[in-house]
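Notes for the one structure printed next.
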Amino acid sequence: MWQEERYQRIRALLALEQRISTDRLVRELQVSRETVRRDVAALEALGQLRRTHGGIVRPSATEAPIAERAQLNVRFKEDIARAVCSRLSAGQTVFIDAGTTTALLARQLAGLSGLTIITNAFDVALALRQPEGGKRHQLIMLGGEMGERAAATVGGSTVNAIRHYRADIALLSPVGVSCDMGASNYDLAEAEVALAMSEQADQTFILADASKLGVSSRFSLCRAEAIDLLVSNQSAAESPACQALATQVGELWLV
């Protein structure tokens with residue numbers, strides 16, 4: 001079954017039922033779980049479904065999208081977060097955008113010190129806050145409007161605030177990364193924030209677990225050629241999307 005045929009079959013199943021298990025998708029499509037995972041990730045990036053524990057639901061279902069995504073591929077995202085931390089050093093200024101991977105990154109950064117961290121994400125800021133009064137990092141929270149999809153500030157005020165800073169590195173967690181679209185996001189407001197961070201940083205690091213490689217979403221926030229470091233999982237090494245991106249990005253690091 002060709003890729004577009006699989007997409008059509010998944011859409012047809014969701015038109016009949018609100019929730020479908022991964023096991024059923026494997027049976028219906030007669031493909032591997034890895035192929036199902038890639039197809040589901042691609043359709044989620046297009047806003048045509050939502051991933052949940054053990055399956056998928058219609059995008060109109062009542063589950064909280066961010067809460068659901070936060071439970072997906074956690075171990076792989078944690079591996080990425082730890083690897084990125086090893087590339088940072090005291091004295092650097094970094095931007096961090098909103099995303100489930102950057103939220104895990106913030107927990108890792110809480111054990112380091114000496115960075116200036118500029119973010120629009122509330123979960124990142126809360127993870128880095130030292131309630132006992134200590135101060136490991138200088139933390140700057142960007143103002144703006146509350147985003148619709150994530151607990152983060154977005155909009156013109158946020159973008160304008162970003163323009164007042166210059167960072168060493170932008171640490172960004174997009175919906176997908178492909179040669180055609182580069183790093184991309186489903187939400188325009190979130191993409192505009194990430195784009196501004198990339199433009200105001202000397203280097204752009206993209207944090208993307210294996211399910212996001214080869215996925216193109218609606219709005220590009222950084223061309224593939226402008227990605228200085230793409231950090232993903234070793235499990236993606238043999239995928240065509242990963243191999244294609246390796247020829248485009250500055251550095252590909254699989255962990």
Side-chain angles (χ1 to χ4, degrees), residues 3-4 6-8 10-11 14 34-52 56-61 63-73 76-77 80 95-105 120-121 147-155 158-159 170-199 204-227 229-233 236 239-242 244-245 248-249 252:
Q3 183 183 70
E4 186 53 41
R6 297 197 304 272
Y7 289 178
Q8 291 175 0
I10 293 171
R11 295 187 195 104
L14 279 178
E34 178 69 15
T35 298
V36 167
R37 181 186 61 76
R38 289 197 299 267
D39 288 350
V40 165
L43 290 173
E44 183 183 45
L46 295 171
Q48 296 176 6
L49 56 80
R50 297 291 184 194
R51 285 181 287 180
T52 65
I56 59 175
V57 297
R58 296 177 195 166
S60 58
E63 287 88 350
I66 294 298
E68 294 285 1
R69 289 201 300 275
Q71 303 303 318
L72 296 171
N73 301 325
F76 297 122
K77 294 174 182 178
I80 291 169
F95 288 120
I96 303 179
D97 74 344
T100 56
T101 307
T102 49
L104 292 171
L105 171 65
N120 68 318
E148 295 183 0
R149 285 167 28 95
T153 55
V154 296
T158 308
V159 171
L171 301 170
L172 309 177
S173 176
V175 167
V177 192
S178 67
C179 290
D180 292 337
M181 289 286 288
S184 57
N185 203 308
Y186 180 74
D187 184 89
L188 175 60
E190 293 177 13
E192 289 175 336
V193 168
L195 171 62
M197 288 181 173
S198 178
E199 291 177 341
T204 296
F205 289 8
I206 297 296
L207 290 61
D209 67 73
S211 69
K212 297 180 178 182
L213 302 189
V215 174
S216 296
S217 195
R218 291 184 173 183
F219 304 103
S220 177
L221 58 94
C222 178
R223 301 186 331 275
E225 296 83 358
I227 298 172
L229 175 65
L230 172 58
V231 187
S232 190
N233 306 116
S239 74
C242 181
L245 283 164
Q248 299 289 316
V249 303
L252 173 64

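Just so you know, these numbers come straight off a predicted model, no measurement behind them.
Side-chain contact between Asn120 and Glu190 is absent, with no heavy-atom pair separated by less than 4.5 Å. You'll find the side chain of Asp187 stays beyond 4.5 Å of the side chain of Phe219, heavy atoms only. Under the 4.5 Å side-chain criterion, counting only non-hydrogen atoms from C-beta, Ile10 is not in contact with Val36. Counting only heavy atoms from C-beta outward, the side chains of Cys222 and Ser198 approach each other to under 4.5 Å. Counting heavy atoms from C-beta outward, Phe95 and Leu171 have side chains that stay 4.5 Å or more apart.
Checked by atom type and distance alone, the side chain of Glu44 pairs as donor or acceptor with a backbone atom of Arg51 at under 3.5 Å.
A donor and an acceptor atom, one from each side chain of Ser216 and Ser178, are located under 3.5 Å apart.
Across Lys77 and Thr100, no two heavy atoms sit closer than the pair NZ-OG1, 2.8 Å. The shortest non-hydrogen separation linking Met197 to Ile96 is CE-O, 3.6 Å. Between Ala236 and Cys242, the shortest heavy-atom distance links the atoms O-CB, 3.1 Å. The shortest non-hydrogen separation linking Leu245 to Gly214 is CD1-N, 4.4 Å. Residues Asn233 and Ala210 come closest through the heavy atom pair OD1-N, 3.0 Å.
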Inset, instruction - I would like to know whether Arg6 and Thr35 meet side-chain contact (heavy atoms from CB on, under 4.5 Å); could you show each step before the answer? - result: CA-CA 10 Å; Arg6 297 197 304 272; Thr35 298; 3.5 Å; yes
Inset, instruction - Under the side-chain contact (heavy atoms from CB on, under 4.5 Å) rule, what do Val57 and Leu49 come out as? Steps first, then yes or no, please. - result: CA-CA 6 Å; Val57 297; Leu49 56 80; over 6 Å; no
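Among residues two or more places apart in sequence or in another chain, the side-chain contact (heavy atoms from CB on, under 4.5 Å) test is passed with Ser220 by Met181. In this structure Ala208 satisfies the side-chain contact (heavy atoms from CB on, under 4.5 Å) test together with Val177, Ile206, Lys212, Leu213, Leu230, sequence neighbours excluded. Remark: Glu148 engages no residue in a side-chain contact (heavy atoms from CB on, under 4.5 Å) (not counting sequence neighbours). Here Gln8 pairs with nothing under the side chain to side chain donor-acceptor pair (under 3.5 Å) rule; sequence neighbours left out. With sequence neighbours excluded, the residues satisfying side-chain contact (heavy atoms from CB on, under 4.5 Å) with Tyr186 are Arg149, Val175, Ser217, Arg218. For Glu34, the salt bridge (Lys or Arg N to Asp or Glu O under 4.0 Å) criterion is met by Arg37, Arg38, not counting sequence neighbours.
Summarising the geometry, atom CZ belonging to Phe76 is positioned 13.5 Å from atom CG belonging to Leu104; distances are rounded to the nearest 0.5 Å. A distance of 9.0 Å separates CD of Gln248 from CG of Asp180, quoted to the nearest 0.5 Å. Atoms CG and CG, on Asn185 and Leu195 in that order, are 11.5 Å from each other to the nearest 0.5 Å.
Applying the side chain to side chain contact (heavy atoms under 4.5 Å, CB included) test between Leu221 and each of Val193, Leu172, Asp97, Leu188 identifies Leu172 as the sole match.
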